[in-house]
Amino acid sequence: MDYNFGEIEQKWQAYWADNQTYKVTEDSAKPKYYVLDMFPYPSGAGLHVGHPLGYIASDIYSRYKRLQGFNVLHPMGYDAFGLPAEQYAIQTGQHPAITTQDNIARYREQLDKIGFSYDWDRELRTSDPDYYKWTQWAFIQMFKNYYDTQLQRAKPIARLEGHFRMRGTENVHAATSEPMEFTAEEWNMKSDKEQQEILMNYRIAYLGDSIVNWSPQLGTVLANDEVSEGFSIRGGYPVEQKKMRQWFLRVSAYAERLLEGLDELDWSDSLKETQRHWIGRSEGAVIHIPLPESDAKREVIDEEDSSYSEAGQALWEIVKNKQLGFKLKRDYKIGDNTVPFVNLDKGVIIAIETDAFLTSEEKDEHIVTQSKLKLGGFRILSFTQSEILADPIGIGQQIKDYVESVPAADIPVSEEIGGDVIPVFTTRPDTIFGVTFMVLAPESELVDQLTTPEQQEAVQNYIAQTKKKTELERISDQKVTGVFSGAYATHPFTEEPMPIWISDYVLAGYGTGAIMAVPAHDSRDYAFAKHFNLPIIPLIEGCDVSEESFDAKEGIMINSDFLNGLTVEEAIKRAIEEIDKKELGYSQVNYRIRDAIFSRQRYWGEPFPIYYKDGMPYTLSESELPLQLPPVDKFLPTESGEPPLARAENWVSEDGYPLETSTMPGFAGSSAYYLRYMDPNNNLMLVSQEANHYWRNVDLYIGGTEHATGHLVYSRFWNKFLVDLGISCEEEPFKKLVNQGMIQGRSNFVYRIKNSNRFVSLNLKDQYDTTPIHVDVNIVHHDVLDIEAFKQWNPEYKNAEFILEDGKYICGWAVEKMSKSMFNVVNPDDIVDKYGADTLRLYEMFLGPLEQSKPWDTNGIDGVHRFLRRTWALFHTNDSFRVSDEEPNLTELKTLHKLIQKISYDIEHFSFNTSVSAFMICVNELTSLKCNKRAILSEMLICLAPFAPHITEELWSRLGNDKTIFDAEWPLFNEEYLKEDTFTYAISFNGKVRYTLEFSADTDKTEIEETVLNHPDSQKWIAGKTPKKVIVVPKKIVNVVL
RNA sequence: GCGGCUGUGGCGUAAUUGGUAGCCGCGCUAGACUUAGGAUCUAGUGACGCAAGUCGUGGGGGUUCGAGUCCCUUCAGCCGCACCA
């Protein structure tokens, strides 16, 4: 009787479905085990042979755990929101929901053929309103909470509001994007809207202005992990930097918990390192670098002055009495200076300059005055007297336009930014005496305030230039660029003046967007100093900074006043103490991780449960959830550039307020899906406490490394937030994580002789001038081309001629990405049809270590298939099923127990490739022993069942069992059967093995030594020399040292 | 530039974790059987050598009685991060 895998696999897949074999319920009598696959995005191309690799591994593990008596949760679903379906919709008008539905159906069909043990009753789709209701719900909670930095957890925003009402910002410990200070009195004076605006800076889900990755082609913003080297990961479109108002998630507040949590996780070191780097904790200090004394503080004293110039008088006629629509004050005293006109709401000064300065002193004084005013946060608009006299009305209009374009009073800048100090973050406070200049990021708010008039133009040119650069150019362009601002800061210890430069090697988004440059000990500062010829002061004894900087954190300090003679480590501590004492700053921990941008200007995503009233966002009530995606006429932005949802009719809340038009990004739906599987049909909450406390978290998570910094960070963040809310009971969502390697394609080539229709076989191609052409791997077997199939494959080759070697056409091959254009895509369905699911499963595992990337090479699959047929043959004699009830002998038991031991160990260590090889060894041995004894075969079947569930079910039932093999018990390994009476020692001389000798297992060392030395075979190697030493390692080796 | 990983037959890989390198499979060679095939079975298969034997885990060096395994160095390939002060 043949091994008819097609029939067997269909039969058992139907049986499992009919009998709900894989349905799982919370059963407190059994220990739980939760095995999760990263759910797929159902793309139009369907699954290729690489996708199931991780699913097969997790399926083996699930089935193994089940056989060991665990209650195993092993669910599957779809990450169904996303760009491809929407792009397809834009092109075809087909609604993404339909495309997605079709793709899911295809995926399901393909998955079912492979015979997975998923509990499909728990299937979920992120695009299903019943599911995304809970994504929206979680967002609302994030909006309603802030992060308490002292308690290190989320707390209701109402609590913070109460604090502000009672005590202002005094003793507030809250993560925020805009540090500010106010008293309770000031808070209570504010309007509701002002209060809401302040609270927005504390919410975990907040609206904020930020420079974002904007893709014009995609018409949306992207998260940092969705962008690589200036291009979008999906689609490869260019990405530019743009300032926009967006929703954010305050992931940065959780930085420390995200970092600490990594320690306890059973993840690969490389993945943990990637996350640590992404979080980027660095300890250091914020130092306040003083600017020269500024007397442009906002102590404005109205002081009428009647000495008007002619031009001033002319302008006054135009601007007085709110003729412009706002008030300009005339002859205002600010600090020591009187300015001609000033608008106090927006902090704009209108300066009138003489056409020509009489002396250079006069000019200098003018510049100093302007700088001081700018330091105070004012904007200055200058006109010369003759300009005003020529066209006072035109100038009036210019003033009007300018003042209106300026945002409302951003003047009372917080004390840290742009008061009289520049705050900088450094991890090397020990190098403070080596600071010879300062550098600001071009985007820094200080640039405007500090740039002196005569540097104005150069600075503006520079900024325009850096803005033009794409992210890619900025990275790849290693040239040193920068411009002097004209301003100076004062060294906090030496009080030396230090020039302030502007350069794009300083990032606006990290630290304070300003640095103190220590060229001797930082390579970037060094390059900059060399390029612009700035001083370099070495600070470490014996270091040579003539060619390059000395970046290592080691050595003894010199040229550093009170730090001299200390080691770097000591100096860091000492410097911070001194900075503290002198109140020049404070120690601080900085994180690289940024808040996640959470808006996408897209259709196919979760709508935000947000409406706007009076320009401020408010959340919908829970009863209004889910807020379903509305129908739209087109899936494109509106003519005015608003997201597609703005096209929806009646896109308003129940009370008639306009709803948010952007949607959530891809990672929203995948952030808490593992919790939903625990309780997928609950319509009262995301997950019930009972279900959550039973399943807790994922014991084993299998998926690709591409999610290392995206999904796996956001998901951990999201879970920690839900822990704070008391929804999730485990601080970490995924205890153990295994990354399966990528399956690459293995392409085949034929070699066409140039300008002909002739093809030459691989090893003869060097004799001709040829072009390699990709050929469909499905018409090539063991690199031999099926010539007839090739002729039919493409009409162009119908009359092709071939130059063969040994009567065959041999193709070349290469490892490439698996893609349609390379004709190297192998479909799992085809493999299943041809060899069966069990063969596919075993072969995918046999290909190599799970975590290793490898090309799909169908060449070895016959070997695995033959193994299954030999397994089948063990149970059959002359075409009929026949097993013996005889007692097994010791040899047979040894073979079996070797297998049990090996397979148990291998599965625990995810070494599935070696398991397959162990099965082959076992079946080969049993075949040569002609063993068909029930006792041996049935236990072997249980071991094989996780790997090849269909054939084992069939044979199991033929053995007379009426329940599924997965209700059996994993066999126990018995060491007794593996005990050997003798051991064969390898006898080596000077480390080289020469012959072997068998000893009984309990022979003692001296006896072995004696026997070896007296053995006739040894004489040849000893050859008259005296053995210096004989090393006998029991059950290992004997080595004679000569 | 920084961080991580990997280098073993013609190919995919294995090696009880410092103890006989090459298990298992593919391919290849020879043979058996045969309504001739991409079927099945048997034997062989790291290289050199008639052989005894010698050489062999990217290269070089070291530790050790003994190294694919540990250390140093160097080369090659892959992946991640990329001016993070």
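Quick note on labels: first sequence line is chain A, next is B, and so on, each numbered from 1.
Using a 4.0 Å heavy-atom criterion, one finds that A:Pro849 contacts the sugar-phosphate atoms exclusively. In this structure, A:Ile515 reaches the bases: a heavy-atom distance under 4.0 Å links it to at least one base atom across the strands shown. Backbone-only engagement by A:Leu847 is indicated by non-hydrogen atom pairs under 4.0 Å involving sugar-phosphate atoms exclusively. The residue A:Asn990 sits apart from the nucleic acid: no heavy atom pair falls under 4.0 Å. A:Asn913 comes within contact range of the sugar-phosphate backbone alone, with a heavy-atom separation under 4.0 Å but no base atom that close. Across all strands shown, A:Lys834 has heavy atoms under 4.0 Å from base atoms, whether or not it also approaches the sugar-phosphate. Using a 4.0 Å heavy-atom distance criterion, A:Val1041 is classed as a sugar-phosphate-only contact. Contact annotation for A:Ser917: base contact, defined as any heavy-atom pair under 4.0 Å involving a base atom.
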Atom pairs, N/O to N/O, protein against nucleotides 40-49 of chain B, distance under 3.5 Å?
residue	atom	partner	partner atom	Å
B:U40	OP2	A:Arg866	NH1	3.3

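Between A:Thr274 and A:Ile921, it is A:Ile921 whose nearest contact on RNA chain B lies nearer the 5' terminus. Along RNA chain B, the nucleotide closest to A:Lys1029 and the one closest to A:Ile593 are compared, and the more 5′ of them pairs with A:Lys1029.
Across B:G22 and B:A15, the matching P atoms stand 13 Å from one another, rounded to whole Å. Of the C1' atoms belonging to B:C48 and B:A43, the separation is 23 Å, rounded to the nearest Å. Taking atom C1' in both B:C70 and B:G18, the straight-line distance is 8 Å, to the nearest Å. B:G56 and B:G68 are spaced 10 Å apart, taking the P atom of each and rounding to whole Å. Taking atom C1' in both B:U57 and B:A52, the straight-line distance is 26 Å, to the nearest Å. Here the separation of B:C65 from B:U74, taken at their P atoms, is 28 Å to the nearest Å. B:G25 and B:A36: their C1' atoms are spaced 26 Å apart (whole Å). Comparing the same atom, P, in B:G58 and in B:U64 gives a spacing of 23 Å after rounding to whole Å.
For B:C65, its base sits under 3.5 Å from the side chain of A:Asn1039 at one donor and acceptor pair at least. Residue A:His781 places a side-chain atom within donor-acceptor reach of the base of B:G38, judged by atom type and a 3.5 Å distance cut-off alone.
Contacts classified as side-chain hydrogen bond (donor to acceptor under 3.5 Å, both in side chains) and involving residues 1032-1042 of chain A (residues at least two apart or in different chains) are given here: A:Ser988-A:Asn1039.
Straight-line distance from the CD atom of A:Gln852 to the P atom of B:U8: 10 Å, rounded to whole Å. Rounded to an integer number of Å, the gap from CD1 of A:Ile861 to P of B:G27 is 12 Å. The interatomic distance linking A:Lys1036 (NZ) with B:C65 (P) rounds to 18 Å, in whole Å. What separates CD of A:Glu788 from P of B:G38 is a distance of 14 Å, to the nearest Å. What separates CD of A:Glu273 from P of B:C79 is a distance of 20 Å, to the nearest Å. A straight line from NZ of A:Lys898 to P of B:C24 spans 10 Å, rounded to a whole angstrom. With rounding to whole Å, A:Lys1028 atom NZ is found 13 Å from B:U64 atom P. Between the NE2 atom of A:His277 and the P atom of B:A82 there is a distance of 7 Å, rounded to whole Å.
Checking B:A82, B:U20, B:C55 against the side-chain heavy atoms of A:Thr984 singles out B:U20 as nearest.
Open room surrounds CD on A:Glu975; 12 or fewer heavy atoms of other groups in view lie less than 6.0 Å from it.
For A:Lys902, the side-chain contact (heavy atoms from CB on, under 4.5 Å) partners two or more places apart in sequence, or in a different chain, are A:Asp906, A:Thr914, A:Ala918.
In B:U63 the O4'-C1'-N dihedral to the base is more than 90° from 0, which defines an anti nucleotide. Against the 90° criterion about 0, the sugar-base torsion of B:G66 places it in the anti range.
Contact check, A:Asn924 against B:G25: a side-chain N or O comes under 4.0 Å of OP1 or OP2. Listed pair A:Ser282 / B:A85 meets the phosphate criterion, a side-chain N or O lying under 4.0 Å from OP1 or OP2. Regarding contacts with the backbone of B:U54, a side-chain N or O of A:Arg994 is found under 4.0 angstrom from either OP1 or OP2.
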Inset, instruction - Please assess A:Asn4 against A:Asp2 for the test side-chain hydrogen bond (donor to acceptor under 3.5 Å, both in side chains), listing each intermediate value before the final yes or no. - result: CA-CA 6 Å; A:Asn4 189 338; A:Asp2 252 8; over 6 Å; no
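Both distances falling under 3.5 Å, in either a Watson-Crick or a G-U wobble arrangement, occur for no nucleotide opposite B:A85. With both pairing distances under 3.5 Å, B:A67 is matched to nothing as a Watson-Crick or G-U wobble pair. Under the Watson-Crick and G-U wobble criteria, each requiring two contacts below 3.5 Å, nucleotide B:A32 is paired to B:U40. Summarising the base pairing, B:G3 is matched to B:C79 through a Watson-Crick or G-U wobble pair whose two defining distances lie under 3.5 Å. Under the Watson-Crick or G-U wobble criterion, with both distances below 3.5 Å, B:G9 has no partner in any strand shown. Under the Watson-Crick or G-U wobble criterion, with both distances below 3.5 Å, B:G27 is paired with B:U45. Base pairing of B:C50 is not made with any nucleotide, judged by Watson-Crick or G-U wobble geometry with both donor-acceptor distances under 3.5 Å.
Using a cut-off of 4.0 Å between Lys/Arg side-chain N and Asp/Glu carboxylate O, A:Lys553 and A:Glu569 are scored as not salt-bridged.
Ring geometry for A:His707 against A:His711 counts as perpendicular: the plane angle is over 60°, on a 0 to 90° scale with 30° as the lower cut.
A heavy-atom distance below 4.5 Å is not found between the side chains of A:Ser549 and A:Asp522. A:Thr436 places none of its side-chain heavy atoms less than 4.5 Å from the side chain of A:Met498. The shortest distance between side-chain heavy atoms of A:Trp813 and A:Leu762 does not fall below 4.5 Å. Using a 4.5 Å heavy-atom cutoff, the side chains of A:Ile279 and A:Arg592 are not in contact.
Between A:Tyr985 and A:Thr1011, the side chains place no donor N or O within less than 3.5 Å of an acceptor N or O (distance only, hydrogens not considered).
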